[in-house]
Amino acid sequence: MSGIAFKPTHDKIAVMADIPVVLSGIQPSGGLHLGNYLGALRPWVLGQEKYRNYFCIVDLHAITVYQDPKLLREQTRQLAALYIAAGLELKHSTIFVQSHVRAHVELSWMLTCITPMGWLGRMTQFKDKSGNTEAESVQTGLYIYPVLMAADILAYQADFVPVGEDQRQHLELTRDIATRFNRVYGETFKLPRPLIGHIGAGAKIMGLDDPTKKMSKSDTNPGHAIRLLDPPEQIKRKIMRAQTDSGSAVDVQNAGPGVTNLIEIYRAVTGATKETAWDSFNGITYGALKTKVADAVVASLEPLQNRYAELMMSPTELDALLKEGAGKASEVAEKTAALVRNRMGIG
Ligand code: TRP
């Protein structure tokens with residue numbers, strides 16, 4: 001099979017420009033929190049000028065676990081507004097909803113056909129999520145979800161994919177799938193690379209209620225995460241209740257995970273250096289520390305929250321932006337799908 005000759009002639013993908021392509025996506029399931037913002041959205045914004053970016057709202061990924069249909073539609077639009085409110089600019093970044101670009105699903109099927117089950121069964125996220133469930137009742141979508149992610153990435157011939165550590169394995173799988181496709185059907189896909197430690201992406205934000213656990217979207221304890229759209233009063237209340245260490249004042253030499261997390265949150269939202277932040281907090285009471293952190297978080301989210309509120313007041317405009325984004329994305333993704341169909345001999 002792999003010896004098939006191919007002629008890279010008329011159907012070769014047009015190299016559009018010399019600037020690298022970036023693609024990433026977030027699931028519209030549950031409200032984004034400060035960790036998502038500092039670890040994903042903000043780095044996308046800070047790096048956007050250097051790349052040609054595609055940022056999607058991956059609703060097809062969200063339905064791998066049941067979503068209330070009405071809520072999903074609402075959260076999809078909300079996430080789009082958050083992308084823009086956070087500072088993604090349409091001149092650098094194409095923003096769209098995954099399901100609006102039909103080529104993702106088509107490519108995903110074609111890629112599924114060359115992906116061994118063994119590769120998918122080894123994905124740690126799948127093993128974690130399906131862990132104790134009998135194979136009899138694990139949804140197939142959860143299993144093939146990394147192929148859909150590969151389709152998202154390969155559809156745009158992305159050079160870089162900003163992802164967190166938890167998605168690194170899926171990106172490696174994407175490279176494996178692309179490599180296999182190229183070998184079997186001829187050179188077709190570029191191999192994407194992870195963009196980890198993207199500008200400002202170093203911050204690792206832990207849960208307020210348990211600073212030994214990463215802040216998580218699906219944690220249901222209301223004191224766990226600072227949601228980007230929490231009103232200022234709620235943000236303050238959550239931070240004032242955050243778990244600290246025993247004792248009552250900051251001791252830089254012996255700071256435990258709770259105090260460390262608060263100071264790291266402060267650093268991430270203010271841009272203060274490690275020395276400045278830690279020195280300035282040494283010896284102050286936990287109460288005073290929390291007030292400072294809360295004020296800094298509230299101030300840093302204020303512009304985003306205001307912009308978000310404005311965008312949500314004009315849903316028709318927002319929908320028009322998304323339609324435009326889907327149109328721009330489709331042009332690229334359709335070209336890739338056509339090439340892949342051609343390589344595989346269908347259509
Ligand atoms: N799987 C990713 C997550 O759950 C979301 C995602 C879907 C994604 N498609 C992508 C991320 C493409 C980067 C690139 O977080």
Side-chain angles (χ1 to χ4, degrees), residues 20-33 35-41 43-44 47-48 51-65 67 72 75-76 79-80 82-83 88 93-101 103-108 111-112 115 120 123-130 139 141-178 189-198 201 204-205 214-219 325-326 329 332-333 336:
V21 172
V22 156
L23 176 130
S24 200
I26 299 178
Q27 299 193 27
S29 50
L32 284 205
H33 58 61
N36 300 133
Y37 177 61
L38 297 171
L41 206 42
W44 296 357
Q48 68 182 323
Y51 308 106
R52 175 196 309 281
N53 308 276
Y54 294 91
F55 293 121
C56 52
I57 294 123
V58 289
D59 54 349
L60 294 169
H61 275 89
I63 56 170
T64 51
V65 292
Q67 304 290 329
L72 179 61
Q75 287 179 338
T76 299
L79 187 52
L82 267 181
Y83 277 14
L88 289 179
S93 305
T94 302
I95 295 173
F96 64 99
V97 178
Q98 183 187 33
S99 65
H100 294 180
V101 180
H104 289 233
V105 173
E106 187 187 2
L107 268 171
S108 160
L111 296 176
T112 299
T115 304
L120 298 177
M123 294 295 106
T124 41
Q125 193 183 75
F126 173 71
K127 287 196 275 188
D128 290 348
K129 288 199 178 179
S130 61
Q139 327 277 20
L142 211 52
Y143 181 64
I144 60 170
Y145 141 133
V147 187
L148 178 59
M149 177 163 162
D152 299 341
I153 297 166
L154 299 176
Y156 302 89
Q157 301 281 5
D159 295 278
F160 297 112
V161 182
V163 282
E165 273 304 328
D166 61 324
Q167 295 295 325
R168 191 194 273 276
Q169 198 186 26
H170 291 160
L171 193 58
E172 271 158 23
L173 179 82
T174 302
R175 291 171 60 91
D176 290 344
I177 293 173
F189 294 120
K190 240 189 211 177
L191 300 189
R193 280 180 288 163
L195 200 57
I196 290 179
H198 203 174
K204 189 168 177 199
I205 307 299
K214 210 174 130 189
M215 194 175 276
S216 145
K217 230 171 161 185
S218 49
D219 195 301
V332 181
T336 308

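Atoms within each ligand, like the ligands themselves, are counted from 1 in listed order. When reading the values below, keep in mind they use all heavy atoms of this one structure, side chains included, and skip hydrogens, waters and symmetry mates. No experiment lies behind these values; they were computed from the predicted model shown.
The protein heavy-atom contact nearest to atom 5 (C) of ligand 1 is Gly25 O, 3.7 Å. Among protein heavy atoms, atom 1 (N) of ligand 1 sits closest to Tyr145 OH, 2.8 Å. The nearest protein atom to atom 13 (C) of ligand 1, hydrogens excluded, is given as Ser24 OG, 3.5 Å; this is a heavy-atom distance. Looking only at protein heavy atoms, the nearest one to atom 3 (C) of ligand 1 is Gln167 NE2, 3.2 Å. Given atom 9 (N) of ligand 1, the protein heavy atom at minimum distance is Asp152 OD2, 2.7 Å. In terms of protein heavy atoms, atom 12 (C) of ligand 1 is closest to Leu23 CD2, 3.5 Å.
To the nearest 0.5 angstrom, Gln75 atom CD is 11.0 Å from Gln27 atom CD. The line from CG of Leu120 to CG of Leu173 is 6.0 Å long, rounded to the nearest 0.5 Å. Taken from CG in Leu142 to CE in Met123, the straight-line distance is 13.0 Å, to the nearest 0.5 Å.
Ligand 1 places these atoms under 4.0 Å from at least one heavy atom of Ile153: 12 (C), 14 (C). Taking every non-hydrogen atom of Val163 and a distance limit under 4.0 Å, the qualifying atoms of ligand 1 come out as 13 (C). Below 4.0 Å from some heavy atom of Val161 lie the following atoms of ligand 1, by number and element: 13 (C), 14 (C).
The shortest N or O to N or O distance between Gln125 and ligand 1 is not under 3.5 Å.
Salt bridge annotation for Glu165-Arg168: present, with a cationic side-chain nitrogen under 4.0 angstrom from a carboxylate oxygen.
Looking at heavy atoms from C-beta onward, Val101 lies in side-chain contact with Phe96 at the 4.5 angstrom threshold.
Taking the six-membered ring wherever Trp is involved, the centroid distance between the rings of Tyr51 and Tyr156 does not fall below 6.0 Å.
Among the candidates Ile57, Thr76, Leu148, the single residue satisfying the side chain to side chain contact (heavy atoms under 4.5 Å, CB included) test with Gln98 is Leu148.
With a heavy-atom cut-off of 4.0 Å, His170 does not touch ligand 1 at all.
Heavy atoms only, all atoms of each residue included: His61 and Thr64 are closest at O-OG1, 2.7 Å.
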